[in-house]
Amino acid sequence: MRDPKDPSPHATCQPTGEARVLVQGLRDAVPYIREHEGHVFVVTFGGEALDDPATFERLIRDIVLIADLGVKLVLVPGTRPQINRRLENAGFPERFHQGLRVTEPAMIEPLTEAVGAVQFDVISWLSARLSLASGSGLAQRVLTGNFITARPMGVIDGVDLGHTGRVRRVDVEGVRDALGDGSVVVQTNLGFSPTGELFNLRSEDVAESMAVALGADKLIFLTDPLDNLPTAMSLAEVEGLLDDPKVSLSTEFQLHLQSAVRACSKGVDRIHLVDREVDGALLVELYTRDGCGTLITSEPYERIRQATLDDIGGILALIEPMEQAGVLVRRSREQLELETDRFVVIDRDGDIIACAALYPFPDDRSAELAALVVHPAYQGGGRAGRLLAFMENRARSLGLKSIFLLSTQTMAFFRERGFADESLENLPAARQAFYNLKRNSRIFRKWL
């Protein structure tokens, strides 16, 4: 840092590579910070997360940062391994039916000790990090309570599951009051019936029920390493994965995916699966466009749709570099506004990452394909091919028989997809009149 008494001229600041990465990261994150502020996220993680203190400390650090950025957080820690160890030490053998623990009355004491220990650890970690973040030295903004009313799971296939239960009701008003005071809410996997009986619940079910009842914006599962799942899945794709006998998923993943399907079906818009062992993965998933986990939505995260006037800026950002390079013919904003109905876009979480236009010539029963562009960061993923197929189907729906295009650099791509060389004389007369001889574009046609 320059001495303020130094009269020499101030040197021009040249950010280092690390600083440039930081600047770009902040620029990318700000829209998501604004978008997430004030929203409710329910986050759940298995008890295995606490078995690695160093990893769990990083996870809690990121959770506290998310809370400091204005997100209203409900945490649901799992306790499966802790309960297993307590019951083993107490001499109780493991007994499960259809993935559900058979909880006998004699197990209640060691079970509650295990859950209580996990609850204490989570609150202690959170309180310490929140105190550091606030600088107050006070352990504030962590609240837990009896927000769940439970009921027995009952008898399944003749097996009495005892004190294993399911969520009957969520105290929505109580949770919202706590979140409104700025608290991070911690909810365990224990619930009481109206008559005072205690039940052992699955943390996945508790998190799912909390998210649905609160109308949470996100339900987040911090999981074991992801089993090569795609970055985004629709509800139908998840259901297909669960029904596929050829796909082998861990029990934890099956539980998460089953909860995701139910939560999605009941109105939770977005469910995230994030590898809890990757440092910073939760922040990357929530505050960058592409994330680093798996997003499950009832609606496609990335979709082809008709362009609107609100997309003009995004389309211009895509085509202007191509226009400057001479690959595309220049279009003004005014022209694009008049031709918006000709364009379709690929919308990835609100960002326009690809576009294409179709100009019909009904008298010739053909159409021109133009401005097919994919953002460089998303090339190689088959998006250009999907856009082309979409436009071919659109042309067919209009009763057209062929698509033609003019190209100076992408001939191989179109040849591989059934396009063949065409002569200028065979184009519609109206299109021939605007052919630019200086560009010397190649002409291709595909019969539909």
Side-chain angles (χ1 to χ4, degrees), residues 42-53 55-56 59-60 63 74-126 144 147-148 150 152-153 156 159-167 186-192 198-211 219-227 242 248-263 271-277:
V42 177
V43 181
T44 184
F45 48 86
E48 293 84 357
L50 283 82
D51 288 341
D52 183 351
T55 298
F56 191 64
L59 193 60
I60 289 294
I63 288 172
V74 177
L75 304 186
V76 183
T79 56
R80 205 167 284 122
Q82 289 81 5
I83 290 175
N84 287 342
R85 289 194 288 265
R86 291 270 182 166
L87 292 179
E88 183 181 359
N89 291 338
F92 292 101
E94 286 188 5
R95 188 180 172 204
F96 289 85
H97 180 68
Q98 293 189 5
L100 297 167
R101 187 188 302 276
V102 178
T103 308
E104 300 171 6
M107 296 178 177
I108 293 297
E109 183 175 350
L111 186 146
T112 54
E113 289 175 352
V115 174
V118 168
Q119 181 185 40
F120 177 83
D121 287 344
V122 171
I123 292 176
S124 296
W125 282 96
L126 280 170
T144 186
F147 296 118
I148 295 292
M153 189 72 74
I156 299 178
V159 178
D160 187 350
L161 297 177
H163 284 265
T164 294
R166 63 180 64 183
V167 177
V186 176
Q187 173 61 53
T188 70
N189 60 303
L190 295 180
F192 290 87
L198 183 143
F199 290 96
N200 175 33
L201 314 173
R202 291 198 303 194
S203 59
E204 295 88 357
D205 294 342
V206 173
E208 172 197 330
S209 298
M210 295 283 278
L219 171 58
I220 302 169
F221 294 97
L222 301 176
T223 73
D224 287 334
L226 304 181
D227 292 348
L242 287 169
S248 177
L249 296 171
S250 67
T251 300
E252 181 179 14
F253 261 95
Q254 290 181 29
L255 292 173
H256 292 344
L257 292 176
Q258 290 164 359
S259 290
V261 168
R262 291 191 296 268
I271 289 89
H272 298 258
L273 303 179
V274 182
D275 187 345
R276 63 172 174 258
E277 296 182 5

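This chain uses plain numbering: 1 for the first residue, then up along the sequence.
Between the CD atom of Glu204 and the CZ atom of Arg262 there is a distance of 9.0 Å, given to the nearest 0.5 Å. Atom OG1 of residue Thr103 and atom CD1 of residue Ile108 lie 6.5 Å apart, to the nearest 0.5 angstrom. Note that the OG1 atom of Thr79 and the CG atom of Asp121 stand 12.0 Å from one another [nearest 0.5 Å]. Taking OG from Ser209 and CG from Leu201, the interatomic distance works out to 8.5 Å, rounded to the nearest 0.5 Å. Separating the CZ atom in Phe45 from the CD1 atom in Ile60 is a distance of 5.5 Å, to the nearest 0.5 Å. Atom CD in Glu277 sits 11.5 Å away from atom CG in Leu222 (nearest 0.5 Å).
Shown here is Arg95, whose CZ atom has no more than 12 heavy atoms of other residues, nucleotides or ligands within 6.0 Å. Atom CD of Glu88 has 12 or fewer heavy atoms from other residues, nucleotides or ligands within 6.0 Å.
At least one side-chain heavy atom of Leu257 sits under 4.5 Å from a side-chain heavy atom of Leu273. With a 4.5 Å cut-off on side-chain heavy atoms, Val186 and Pro77 count as touching. Using a 4.5 Å heavy-atom threshold, the side chains of Val122 and Phe56 count as touching. Contact check for Leu87 versus Met107: side-chain heavy atoms found under the 4.5 Å cut-off. Leu242 has its side chain within reach of Gln258: a pair of non-hydrogen atoms, C-beta onward, lies under 4.5 Å apart. Residues Arg101 and Ile83 meet the side-chain proximity criterion, which asks for heavy atoms closer than 4.5 Å. No side-chain heavy atom of Asn189 sits less than 4.5 Å from a side-chain heavy atom of Val76.
The shortest heavy-atom contact between Gly47 and Pro81 is C-CG, 3.6 Å. Across Glu208 and Leu219, no two heavy atoms sit closer than the pair CA-CD2, 4.1 Å. Across every non-hydrogen atom of Gly162 and Phe199, the tightest pair is O-CE2, 3.9 Å. Taking all atoms of both residues into account, the shortest heavy-atom contact from Phe92 to Pro110 is CE1-CG, 4.2 Å. In terms of heavy atoms, Ile271 sits closest to Ala263 at CD1-CB, 4.3 Å. Residue His97 comes nearest to Ile156 through the heavy atom pair NE2-O, 3.3 Å, listed as atom of the first residue, atom of the second, then distance.
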Determine, step by step, whether Val167 and Val206 satisfy the side-chain contact (heavy atoms from CB on, under 4.5 Å) criterion, reporting the C-alpha distance in whole Å, the side-chain angles of both residues, the deciding distance to 0.1 Å, and the verdict. CA-CA 7 Å; Val167 177; Val206 173; 4.2 Å; yes
(Q) Does Leu50 form a side-chain contact (heavy atoms from CB on, under 4.5 Å) with Gln82? I'd like the steps, not just the answer. (A) CA-CA 9 Å; Leu50 283 82; Gln82 289 81 5; 4.0 Å; yes
Hey, mind stepping through Gln187 and Val42 against side-chain contact (heavy atoms from CB on, under 4.5 Å) and telling me if it holds?
CA-CA 10 Å; Gln187 173 61 53; Val42 177; over 6 Å; no
*Yes or no on side-chain contact (heavy atoms from CB on, under 4.5 Å) for Thr164 and Arg202, after CA distance, side-chain angles and deciding distance?*
CA-CA 9 Å; Thr164 294; Arg202 291 198 303 194; over 6 Å; no
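Residue Leu161 is tested with Gln98, Arg166, Glu104, Met153 for a side chain to side chain contact (heavy atoms under 4.5 Å, CB included); the sole match is Met153.
With sequence neighbours excluded, the residues that form a side chain to side chain contact (heavy atoms under 4.5 Å, CB included) with Gln119 are Ile123, Thr144, Thr188. Here Ser124 pairs with Phe120 under the side chain to side chain contact (heavy atoms under 4.5 Å, CB included) rule; sequence neighbours left out. When the salt bridge (Lys or Arg N to Asp or Glu O under 4.0 Å) test is applied to Glu113, the partners found at least two apart in sequence or on another chain are Arg86.
Remark: side-chain polar atoms of His163 are paired, donor with acceptor, to backbone N or O of Leu198 under 3.5 angstrom.
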